[in-house]
Novice: 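First, the structure itself, so that you have it in front of you.
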Amino acid sequence: MSLDGLIALDYDRFEELQHNSTLYLMRCENQDLPTAMKEHITFTPHYDTLIRSGMYEYYASEGQVSLPYALAELVDNALSATAKNTGMRSIEIRMLFDETLGKPAVVVLDNGCGMTSKQLKNWAVYRLSKFTRKNSSFASQQEGYVRPDPVAHSLNSDISYFGVGGKQAVFYIGDSTRMISKAVLSPDVHELVLSKDDFERKEKNKEDIYSGTILNRKPGDFSHCPDERFLHALIAEESEKESFTAVVITGVNPEHITFLKKDFKLWTRQLAHIYHYYIHGIDGNNMSKASANSNPSKIDIQVTLREKAPKFPRALNLREVDDDMQTLYINASADTFEFKATTQPENGTVEGVLRYHPFLYDKETYPQDPQASLDDKEDDDVESGVHNQARGSRPIFECFWNGRLIPYTKVAEFDWCARPRTQKEQDLPPECYSRISGVLFTDDRFQVSTNKLTFMDLELALRRNDTIFTCEQKIEKEFTQWLKNCHKNLDKQIQFLDYKETITLPDVTPKERQAPWATFGSIKWHGKTYKTGELVKSQRTNPTLYGKVVRFLLYGNYKGDVFATGGQVEVALVRKKFLELPHELKVEWPNGNPFSENADYPAGTPLGPLKIEILNKKGESLSRMPRAGQSPIVVNSICLSGTGTNQEEMLSYVAEHSAKWNFWFKKIENLTKVGKYTLFLNAMTNDSNQKISPVHIGMPFNIPLQIKDKYGHSTELPPNIQPEKCDLKVILPGLTKGTQTQKIFLLPGKPHSLHVKPEDNPITGENGNPFKFDVEIHDEAGNITANARQLVHCEVHGYPEIRADCSQTGVGQFVTKPINLKIIKGEPQKLTVKFSMPVSKTVKRFLQDESASLVLRNSEKIEWLAGGLLENLHYKLFDEAGREIRLTPEIASMIKVTWAEDGNLKDLVQGKLPNIQVPTKVQDARFCKVLYEGQSVSVSFTIVPCPDEPTQLQVTLPQTQTTVKLGETLSKDISEYESDHHKIYKGYQYFCYHCVNVPQVHVNVLTVCLNQEHNSCVAVTGVCFQNGTPGSREMRFTFRKYVACVTVMVTAGDPAQLKLPLQVLNGSSIPTPFIVQLFDMWGNPTQDQRVVVECSHLILKVLFYCCSTRGYYQLEFKGSFNDKPISGTSLNLNLLPNPNKPVRLSVEYDTKAKLPIIINVVPNQPVKLGPDSQPPAPVVSYSTAITNRTLVENMTLRIMDSYGNPTGQNLHGKVAVSMKSSSCDGSTNLPLFEGKNSRCQFNLVEGKVHITRLAIMENSPGENGNEYNLIFKPEVSLEAPTPLIPFELKFLFYNDSENQHKMSALSGKKDALNVAIAKYEEIFNDHQTLLMLLTAMKLHFKSLSFNLSSTVETLILTLLQVGHLACVQDDDAARVISWHLSGDMDCVITTTTAAARTIVDNTLGRQQVMPLDGILMHPGNRPLPHLRNGTPLFPPQGNPIYARDLLIYSHRPEDCNTVFKNILGDTILMDDLYSGTEYRKAVSDASCWSCVIK
């Protein structure tokens, strides 16, 4: 016999044998199987299938965090559970992250139908859907899936679907879940725990992993989880609920906890978006409509997050979220378009809604999703830019399945609502198609993924050819017409500006459109401004037309700027030649080796060749510039020149114009010198190729003169010849050729001004868009100039500063962040934009160019920017004759400097010295020396740092003066200076005391002076804190935009007052000794022990016992400080009568006295006509017998008041009698009175009328078996105070006497029964109430086992309600406390829980009860919030007192105190609203108590 794996089975192996193992009986171990054998196996999936399923299902996708979608799965289950609730459907998500109550937990709680033990077991089965459950052994008798009836938007709550989402969600959020549920009519609570630790333990112990236990317990029993304190409060709520389900998730992922805390608003916003229509109803959250929704929702989803103190809990009802995307779409739309779609073969129905978001005034109103990807941009319609500002490339439709959002599926568009692809098909501006949003509602006929994140086939089904879209007409035509109407009536897109006049256009057809037309000078469209006089050209016309704008026209009466959808523009044609002027130079590199700006190239790299073209505004190549009335000016050459680092011209070339090559520059290969070069291209209008010397505008330059003889040899100038200076021309009279012209090539000069484009002031733009500015740096002559360190700053008020480096080109571009301002009443808002370029201090520079260099003298001082770099230092050596010595490597190696160890020999040979780093502190002057070793040749100079522009503000507080008393002046100065790298800034002459700011505390600064001894620091003196509470105070110093802070510890001031309020009952001792507290003049406690306190009585000497008549008494305390008196505070003793200590009982009355009171009750005003006694309803027929036809016999009617008393004896007139049908069907077949009359009259005398007999005629018309009304209407001669109500009497009409007699008898019995029932109901109601109270008293009396007197007292307390237990002397206080306890005044107090349950059972739960043995109160009384250790933190106003301390109890005060301490708690009573508000602000723990106002 062998085991699996051909292992021989012995005694030891037999112990290892498992159940269902397969055994083989063999002759030996190596025996072959004679035939095929079957082996029984069992296999179960690993528990990771369950606990790790959520990790793969809820991965982050679409750029969104998936945790809210996992929570949504649990909310789906709760919605399904509450689907059949008749009242409010409550769902609560609790985030319990208070570590003091246990480990973090997430709880999802609902008041739905709950689950039985069988249903809870089915929930634990993975992928047991409602369809599988129906036809399997898992089904219970109560189960059975029925597809819900169709409802609007498929809001059927049928979204707990697959039997997998709940398990995936809980194990994605944490690693353990506790399911707690109680079904309707079930007495027990069922509890099931699934956890990762339990699965691992079972696997380790080789137990059945997929098995567990369900705990069945009583509601409110938490004995099975003593350590999990956060569950105790949750379980304690169970006894109050008929049914519920709670999902408790523990072991929450720390990343999830961080996200739930930090992004509370984000994930609640996503949940509100998912369940938007469940929360707000089918119309959504339309905040513009009235608060009463036509389809109010009964679903209430509450989210709470509790963290560890001192953080306050956060609570949010998802109904309060007003920024989820559906809310934004609904409230930003101006019109809607509804449609339906039907798909085959699934017979699915899709409801769709399109919304239009118009362009209003200066912005698109399409709502922007803050979570939308920034890359969602359109390339279409680049010229206008509007398409990107609305929906962009985002899809149109969001998709909802059974009423809840499927977040990862969106439908872009349908063919009938897509933007036309060709211009010919476009009847509307293309941006109109980007102003629509939409939503699709489907039912469960369309499949979704198990995690409900995506649809499986929705878009494919809707795009099939057999899908039918329906609306009132053909959908494509109706949609286009709807979109046109929206654009025409709702969009306010173009702003017409600069109104001119209103005119008539006689050429316009039809004739009624010829007037009025308003003319304007400019329009603003898509952020651009178009003005009259601008050049325009036509598009898509042949030939292209060019013109100038004459005016803009808008149909209608307007007198100023106005927004409109569109208008007309009048254009005057201009000649094409106007557009043929030169516009730009085009540079090409034929060999494909272009030089890039600011790029680095090795020395010797060839430049070029270059091909240059002159282009006009149309992009055409030019060689001539046309000018009206003159011959063309020929541009036959272009000059190319380059300058080096020191603005020295390094090369210059001129290219002639060629008909084939335009302007051509050959390859330049002489760029061998290291440095930075600037390449210039200039067009010249002459054929001169003379060398051009570049000079800078506004800068001096030299004109070198070389004197030559007639043979071209250099010679000296004769002493008798002097030059005459003139503009760019030097004349030397006496020479053969005394005039020589030198062409000057002007380069831009130094920066002089900033020019910002566009030049409009003010510049207007659309709200929500960025603004673009082009900045040019001009020299004195207005030319664009480029120099080193040209850094331009752009500052928009309220937005970060922007910088642009214009050093290379002299121009820069600024693009601000999108400007979002609140538009008030449609008025444009103004912002100031500041452009500036910091200018460096004027310092001495030493340039390499000999003609422009400054000679440095020995021992000279140089001022340079602190922290800067001193560059371009050169040296020369001269011999004794003053001749310059040529530098060689041997000579250069002997040159030494003190600021660098070893200089670069190559630079020294060229006469260049190392750069000098200037110190960062202005105090540190640097001595520098250059010497020639071996010879006594040297030169020295000193570099003095000077401050740069300020970058920070520093404040220094003396270390010996960090604490100051209130009212005391700082004895030391506060030093302040503004610096950049510790460099003092000398610019404080405008510094003043307004720069000091201490929040909530008044500060006096007496003196702010400039301290010359401390490097121009500012010394602030006379700082004095005038009020506030002791503690650390931050003093803030500001100068321009720089801020610095310093902290000072403020203590209480000198003692100035004494306080000791006290209130004593008459005959009671003072409970504690007197404790006198010293306060400064601002009410802060002080501990100064140099104060002497004396106590003297004014009226009553009170030590420890008070015994006198009630009233106010006063003790006076006096103090002295440094022999100066302190204003004494008197102690007011309010001696009150002791209500618990009676001293006398006096009852006096006169037993013989009688006081007869006679009350004469008279009738009230007449209001109606009524009988003395109510007659029975008559039954008549049209027989010949008068008795069968009699309606009324011997009946007296009187005028009565509202209480039935006869009145109106002074009224006379008539009583008109008529008939009408009781069914109000307008029947005209009415019975007639005798004499064939439909109406008869009786005399009304002294307010009454007697009717002897009133009958119908023989063979009277009428409907057999019908009921009619007799109407007795009084018509009096005098006008009554109020209209008199007529008397009505019902009667039955039959066409035979037999039925008449039967119905007459039955009608009499009915009237008698109605009267009896009314009396019995009144009696039964009184008896039933008394019976319930007596039954409760009887049962409670039987349960008592102590003496009779105690029993009676207990019964009295049991039958008393809260409103009868106490009284309050002060009427105002009594009124406020009664209002505060209005909901508990009828609550019955019992001594035991059993008695309370009896009353609840007998009253069917209608009576509110409170058992004393169920109240848990902490011993002792908490002091008022403004008291700390018996000492008030501040003098309170409004006489705060605990409301429970004003109650007076007539018996059992301890029990009554327990009751009201539980009900009132720490409720504080204040005199007025202002005092209560100030008291709440002053006390920090205001959340722990409530306040009521007299």
Novice: Ignoring hydrogens, what is the shortest heavy-atom contact between R319 and H280? Give both atom names and the distance.
Specialist: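 Smallest heavy-atom distance, with atoms named: O-CE1, 3.4 Å.
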Novice: Return yes if some donor-acceptor pair links the side-chain N/O of N111 with the main-chain N/O of M88 below 3.5 Å, else return no.
Specialist: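 Judged by distance alone, yes, a pair lies under 3.5 Å.
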Novice: What's the separation between atom CD1 in I93 and atom OG1 in T268, rounded to the nearest 0.5 Å?
Specialist: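 Result: 9.5 Å between the selected atoms.
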Novice: What is the minimum heavy-atom distance between G112 and S243, and which atoms define it?
Specialist: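 Answer, listing the atom of G112 first, then S243: O-OG, 2.6 Å.
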Novice: Look at the rings of Y1449 and F1460 and say which category their plane angle falls in: under 30° parallel, 30 to 60° tilted, over 60° perpendicular.
Specialist: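 Ring orientation of Y1449 relative to F1460: parallel.
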Novice: Main chain of A78, side chain of D110: is a donor-acceptor contact present, judged purely on distance under 3.5 Å?
Specialist: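 Side chain of D110 to backbone of A78: no pair is present.
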Novice: Atom CG of N1439 and atom CG of D1471: how far apart are they, to the nearest 0.5 Å?
Specialist: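 Spacing of CG (N1439) from CG (D1471) equals 4.5 Å.
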Novice: Answer yes or no: is there a side-chain heavy-atom contact under 4.5 Å between I1415 and M1410?
Specialist: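 I1415 reaches M1410 side chain to side chain.
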Novice: In terms of side-chain geometry, is the basic nitrogen of D1372 or R1375 positioned less than 4.0 Å from the acidic oxygen of its partner?
Specialist: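 R1375 and D1372: salt-bridged.
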Novice: Quick check: do L1469 and L1446 have side-chain heavy atoms less than 4.5 Å from each other?
Specialist: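 When only atoms from C-beta onward are counted, L1446 and L1469 do touch, with a gap below 4.5 Å.
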Novice: Hey, does the side chain of N285 reach the backbone of T327 with a donor-acceptor pair shorter than 3.5 angstrom?
Specialist: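 Side chain of N285 to backbone of T327: no pair is present.
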Novice: Is it true that atom NZ of K265 has more than 12 heavy atoms of other residues, nucleotides or ligands lying nearer than 6.0 Å?
Specialist: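 It does not: K265 NZ has 12 such atoms or fewer within range.
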Novice: Do V108 and E92 pass the side-chain contact (heavy atoms from CB on, under 4.5 Å) test, and can you show the C-alpha distance, the side-chain angles, and the key distance before you say yes or no?
Specialist: CA-CA 6 Å; V108 180; E92 186 175 0; over 6 Å; no
Novice: Side chains of Q302 and S90, heavy atoms from C-beta outward: is any pair under 4.5 Å?
Specialist: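 No, too far: nothing below the 4.5 Å cut-off.
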Novice: Report yes if the side chains of Y1442 and L1424 come closer than 4.5 Å at any heavy-atom pair, otherwise no.
Specialist: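 Yes, at least one pair of side-chain atoms sits under 4.5 Å.
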Novice: Keeping T82 on the side-chain end and N85 on the backbone end, is there a donor-acceptor pair under 3.5 Å?
Specialist: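 No, the answer is negative, given that no donor and acceptor are paired below the 3.5 Å cut-off.
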Novice: Which value, rounded to the nearest 0.5 Å, describes the distance between E307 atom CD and L260 atom CG?
Specialist: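 That separation rounds to 10.0 Å.
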Novice: Can you tell if the side chain of P1411 reaches within under 4.5 Å of the side chain of T1390, non-hydrogen atoms only?
Specialist: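 Yes. Closest side-chain heavy atoms under 4.5 Å.
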Novice: State, with a plain yes or no, whether a side-chain heavy atom of K308 is found less than 4.5 Å away from one of T100.
Specialist: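 The answer is yes, as the side chains (C-beta and beyond) meet within the 4.5 Å cut-off.
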Novice: Do the side-chain N and O atoms of S1475 and D1472 include a donor-acceptor pair separated by under 3.5 angstrom?
Specialist: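 The answer is yes; a qualifying pair exists.
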Novice: Do the side chains of L1427 and L1433 get nearer than 4.5 Å, heavy atoms only?
Specialist: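 Contact flag for L1433/L1427 side chains = no.
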Novice: So does T1398 get a backbone contact from the side chain of N1402, meaning a donor-acceptor N/O pair under 3.5 Å?
Specialist: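 Checking the backbone N and O of T1398 against the side chain of N1402, a donor-acceptor pair under 3.5 Å is found.
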Novice: Regarding D300 and R89, does a basic nitrogen lie under 4.0 Å from an acidic carboxylate oxygen?
Specialist: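 No, D300 and R89 are not salt-bridged.
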Novice: Between the main-chain N or O of V321 and the side-chain N or O of R269, is there a donor-acceptor pair closer than 3.5 Å?
Specialist: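 No, because the side chain of R269 does not come within donor-acceptor range (under 3.5 Å) of the backbone of V321.
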Novice: Using 0.5 Å steps for rounding, measure from the CD atom of Q1165 to the CG atom of D1201.
Specialist: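 The CD atom of Q1165 sits 9.0 Å away from the CG atom of D1201.
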Novice: Of all the heavy-atom pairs spanning I1468 and P1440, show the shortest one and how long it is.
Specialist: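 Closest heavy-atom pair between I1468 and P1440: CG2-CB, 4.0 Å.
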Novice: Using only atom types and a distance under 3.5 Å, with no angle test, would you say the side chain of S1382 pairs donor to acceptor with the backbone of S1378?
Specialist: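 Such a contact is absent between S1382 side chain and S1378 backbone.
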Novice: I need the minimum non-hydrogen distance between I235 and F222, along with the two atoms involved.
Specialist: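 Heavy atoms of I235 and F222 come nearest at CD1-CB, 3.6 Å.
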Novice: Are the side chains of I301 and L271 in contact, using a 4.5 Å heavy-atom criterion?
Specialist: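 No - every pair of side-chain heavy atoms lies 4.5 Å or more apart.
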Novice: Do the charged groups of E237 and R94 touch, with an N to O distance under 4.0 Å?
Specialist: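 Answer for the salt bridge query: yes.
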Novice: For atom NZ of K261, decide whether the heavy atoms of other residues, nucleotides or ligands shown that lie under 6.0 angstrom number more than 12.
Specialist: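 Yes, NZ of K261 has more than 12 neighbouring heavy atoms, counting only those of other groups under 6.0 Å.
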Novice: Minimum heavy-atom separation for E238 and G220, please, with both atom names.
Specialist: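 Closest pair (atom of E238, atom of G220, distance): OE1-N, 3.0 Å.
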Novice: Is it the case that R306 places NZ or CZ above or below the six-membered ring of F97, under 6.0 angstrom from the centre and within 45 degrees of the axis?
Specialist: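 No, cation not above the ring by the 6.0 Å, 45° rule.
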Novice: Quick one: NZ on K182 to CD on E242, what's the gap to the nearest 0.5 Å?
Specialist: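 Between atom NZ of K182 and atom CD of E242 there are 6.5 Å.
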Novice: Mind listing the closest non-hydrogen atom pair of F230 and G102 along with its distance?
Specialist: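 Answer, listing the atom of F230 first, then G102: CD2-CA, 4.4 Å.
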